[in-house]
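Notes for the one structure printed next.
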Amino acid sequence: MLTVYSTKGGDAAKAYFFSGLVHGDYYAEGQERVGQWWGKGAEILNLRGPVQTRDFCRLVDNQHPQTKARLTLRNKLDRRAGYDLTFSPCKSLSILALLLGDERLVHAVRESVIATLEEAERLIQTRVRKDGQIADRFTNNLVVALFPHLTARPESGLVPDPQVHIHSYAINATFDTMEHTWKALQAFQVKFNAPFLEALFHNDLARRVQELGYEVTGKGKFWEIKGVPQEAITIFSKRCRTEDSGSFP
């Protein structure tokens, strides 16, 4: 599954960073999850390796991470700070990876996310509103903070389910090489291409899982790994059960 969540304003993005990205893995017992920078845009900004809190906070406040200079031209308080593209594989993969200890599957998820983001970069555009132009231009670069998580968000009073997933927080900035300046992403393209990126992620991951020696079987528009009992999948899908019952909005 792929969900896209946007945050408006730097304060909202920073609150999401501390509550959902850094501290959002419920088996970590309060320990911080270390993110990693990814993307051609991140390379332009000389952002490599672990995500530092200072750099993330400056970026969502529309500041250059090193100089604090304004990054993109528009600087409204309610501007979109970024987009969290959350990639989640099937439940059977999480069961095998986390309960039976096959860490190769966790690595496969990360590799499929990166492969999908590489395709996403090719689709990235920005608006062109210069010299009377009203158009979009491909920029083909992103600034992404990757945060891997191993559990689902728990319901009140319940032990969280195993759920491998990766938050890919794309800063709302891309470098326009024609105008030699940082500009906001074309927001429409991010969400419009989400179904394509979701299908790409699941197809790529299914291939990697089969290369590891597992068999997969179709389930709806997704798939599960053969041999994992449906009863186990149901037991470790508490969030789905509570949402289906209408207990939580």
Side-chain H-bond candidate by donor/acceptor type, S112 with R208, under 3.5 Å: yes
Qualifying residues under side chain to side chain donor-acceptor pair (under 3.5 Å), relative to T174, sequence neighbours excluded: T139, N141
Same cluster (ILVMFWY, side-chain, under 4.5 Å), M178 and I124: no
Salt bridge present between E118 and R122 (N-O < 4.0 angstrom): no
Ring centres under 6.0 angstrom apart (Y16, Y5): yes
N/O donor-acceptor pair under 3.5 Å between D176 side chain and T181 backbone: no
Single-linkage hydrophobic cluster F222~L212, side-chain heavy atoms < 4.5 angstrom: no
Joint hydrophobic cluster, V106 plus F87, side-chain heavy atoms closer than 4.5 Å: yes
Y83: partners by ring pair (Phe, Tyr, Trp, His ring centres under 6.0 Å), with sequence neighbours left out: none
Backbone of I95 reached by a side-chain donor or acceptor of Q163 within 3.5 Å: no
Test ring pair (Phe, Tyr, Trp, His ring centres under 6.0 Å) applied to F138 - qualifying residues, sequence neighbours left out: none
Any L146 side-chain heavy atom under 4.5 Å of L117 side chain: yes
S94 side chain vs V164 backbone, donor-acceptor pair below 3.5 Å: yes
Side-chain polar contacts of residues 34-43 - donor-acceptor pairs under 3.5 angstrom, sequence neighbours left out - could you list them?
none

Test item: Q63 side-chain N/O and R70 main-chain N/O as donor-acceptor pair under 3.5 Å: no
Just distance, no hydrogens or angles: give the donor-acceptor pairs under 3.5 Å from side chains in residues 192-201, sequence neighbours left out.
unit_1: N193; atom_1: ND2; unit_2: Q189; atom_2: O; d: 2.9
unit_1: N193; atom_1: ND2; unit_2: Q189; atom_2: OE1; d: 3.1
unit_1: E198; atom_1: OE1; unit_2: K221; atom_2: NZ; d: 3.3
unit_1: E198; atom_1: OE2; unit_2: L2; atom_2: N; d: 3.0

Working for side chain to side chain contact (heavy atoms under 4.5 Å, CB included), residues H64 and L45: CA-CA 8 Å; H64 192 286; L45 290 171; 3.6 Å; yes
Verdict with reasoning, W223 to N203, per side chain to side chain contact (heavy atoms under 4.5 Å, CB included): CA-CA 9 Å; W223 49 268; N203 288 339; 5.9 Å; no
Pair listing, salt bridge (charged side-chain N to carboxylate O under 4.0 Å, His left out) test, anchored in residues 81-93, at least two apart: none
D61/K14 ion pair, N-O < 4.0 Å: yes
Test: R207 and D204 ion pair at under 4.0 Å: yes
Sub-4.5 Å side-chain heavy-atom contact between V51 and Y169: no
